[in-house]
2 protein chains.
Amino acid sequence: MRLSRVEKQAQTRGRLLEAAGELFAERGVNGASVEQIAERAGYSRGAFYSNFEDKAELVVALLQERTRREHNEVKGLSWERVRAWNRSRARNVTEWLALRTELWLYSLRDGRVRRQLAERERFSRNAHQQGLAEVFRRAGVQPPADIEFLAVIAHALEDGLLIQRAITPEDVRDEAVVDAVELLCRSWIALGEKQKRG
Amino acid sequence: MRLSRVEKQAQTRGRLLEAAGELFAERGVNGASVEQIAERAGYSRGAFYSNFEDKAELVVALLQERTRREHNEVKGLSWERVRAWNRSRARNVTEWLALRTELWLYSLRDGRVRRQLAERERFSRNAHQQGLAEVFRRAGVQPPADIEFLAVIAHALEDGLLIQRAITPEDVRDEAVVDAVELLCRSWIALGEKQKRG
DNA sequence: AAATTCACATACAGACCTGTATCTGAGTGC
DNA sequence: GCACTCAGATACAGGTCTGTATGTGAATTT
């Protein structure tokens, strides 16, 4: 099957982004050269420079693309399906976490990337919030007023635990992340009940 | 005052480590060259290479030095004083967090650094555990059996929230980190009481 | 089907980076 | 105080990186 000019370029761009994602996770944004990215994608540096201004623009585009992909994959899914989707991605969590962390560090030094990352994180927090709301509803409990803050906490806790697990896998079990969030919910409910009793 | 040979070298080494810490936080481990590190410390690259094998060794040494310093500064301090010490360091949290994150990423790719970082994190978790134990004691509550897990959670939560705050300062207040841990403790206690009641 | 366009390849210039080899001068031992 | 040592400076060689300038062939236009 033959591809039109624009289709072909879109393919090239996609492959470059894919390769960049892998290499950034492996060696860091600074550690991956334009040459290496192009080579892994199966092109020369010429292809890179005719698709992106420079590496900074690629980083923005990569984050944009991942955010959009996440939106589309999760959008409209039930809570169970979102969790299943998360688990399926858990195989290469460390790689995914490394990439996200690389992008986070990069964002500290680049306002454009920071804004992009902020969008992604807000989306993720929102997904957490909806999930938590469902958990409370199922427990027959009114979702707390500060559920937004709770969502930030749950999200931050997940990341933090994944980081800890990467350093000391023997101290942080695989299920620790799931356990911790569940425990968090249960204790939150208990606190709510206690306050209600006065 | 004149310095002996060994004193002078120790000074040089110290300054190089100091400069490396700053530059790693600013531009990342990969983004900071040996030349830049030496220059900021006020030396030439010769000084660097007569103190360290290469950058990898410097990273290990830096982490070692920071861990040791932390040990010494916190060792024997009361819980209040530890919190005060944390707050005093909070001025440049982002820089400190960036450095730690850089080292975390580096550790993913270097076993030696990972072991070093694991030691640091265990120490930090332990400090958390002692702090939490004191909080429970003051609340007149028996510290829970799973306090070790709770300490990991508190530690991970702090890091995770700092990361979130760096991305979206407007969504995560300054006090959020302290608030979250406090809230965590209170809800944990409530859960314990609930379980006791059956 | 000839002319044109443009995605990607290739070649090159200039900057920077690492690691080693050599030098120098201030501390040290005798 | 003289020979010696070694921390740190300087010089150099080899490699890699980025960005641009130019070339080329396949898709597109007319």
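In the text below, chain A, chain B and the rest are named by the order of the sequence lines, each starting its count at 1.
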*Which part of the nucleic acid does B/E53 contact within heavy-atom distance under 4.0 Å: base, sugar-phosphate only, or nothing?*
nothing
*Would you indicate what B/S33 reaches in the nucleic acid, counting non-hydrogen atoms under 4.0 angstrom: base, sugar-phosphate, or nothing?*
sugar-phosphate
*asked:* Determine whether a donor-acceptor pair (one donor, one acceptor, N or O, separation below 3.5 Å) exists between the side chain of A/R45 and the base of C/dC8.
replied: no
*Can a side chain N or O of B/Q11 be found less than 4.0 Å away from OP1 or OP2 on D/dA7?*
no
*Using whole Å, report how far CZ of B/R13 lies from C1' of D/dG8.*
15 Å
*Distance check: side-chain N/O of A/N51 vs OP1/OP2 of C/dC8, anything under 4.0 Å?*
yes
_Over all atoms of both residues, closest heavy-atom pair of A/L103 and A/V113_ = O-CG1, 4.0 Å
*Side chain of B/A47 only, please: which of D/dA9, C/dT28, D/dG19 is the nearest?*
D/dA9
*How long is the line joining CD of A/E57 and P of D/dG19, in whole Å?*
12 Å
*asked:* By the 4.0 Å heavy-atom rule, please label B/Y43 as base, sugar-phosphate, or nothing.
replied: sugar-phosphate
*Are side-chain N/O atoms of B/Q129 and B/E148 paired as donor and acceptor at under 3.5 Å?*
no
*Taking for each residue the nucleotide of DNA chain C with the nearest heavy atom, is it B/G46 or B/R5 whose nucleotide lies nearer the 5' end?*
B/G46
*Could you check how far CD of B/E7 sits from P of D/dA7, rounded to whole Å?*
15 Å
*To the nearest Å, how far apart are B/Q9 CD and D/dC6 C1'?*
9 Å
*Rounded to the nearest angstrom, tell me the gap between atom CD in B/E35 and atom P in C/dA15.*
15 Å
*Distance test, side-chain N/O of B/S50 to OP1/OP2 of D/dC6, below 4.0 Å*: no
*Just checking B/S44: base, sugar-phosphate only, or nothing, at a heavy-atom cut-off of under 4.0 Å?*
base
*Residue mapping more 5' on DNA chain D - nearest nucleotide basis, A/V6 or A/A32*: A/A32
*Rounded to whole angstrom units, what separation is found between the NZ atom of B/K8 and the C1' atom of D/dT5?*
15 Å
*Just checking, is any N or O donor in the side chain of B/S187 or A/R186 under 3.5 Å from an acceptor N or O on the other one?*
no
*Is it true that a side-chain atom of B/S107 and a backbone atom of B/W104 form a donor plus acceptor pair closer than 3.5 Å?*
yes
*Tell me: NZ of B/K55 to C1' of D/dT16, nearest whole Å?*
14 Å
*asked:* Expressed as a whole number of angstroms, how long is the span from A/L16:CG to C/dC8:C1'?
replied: 11 Å
*Any side-chain N or O of A/Q36 under 4.0 Å from OP1/OP2 of D/dC17?*
yes
*State, to 0.1 Å, how close A/A180 and B/I153 come at their nearest heavy-atom pair, and which atoms those are.*
CB-CD1, 3.8 Å
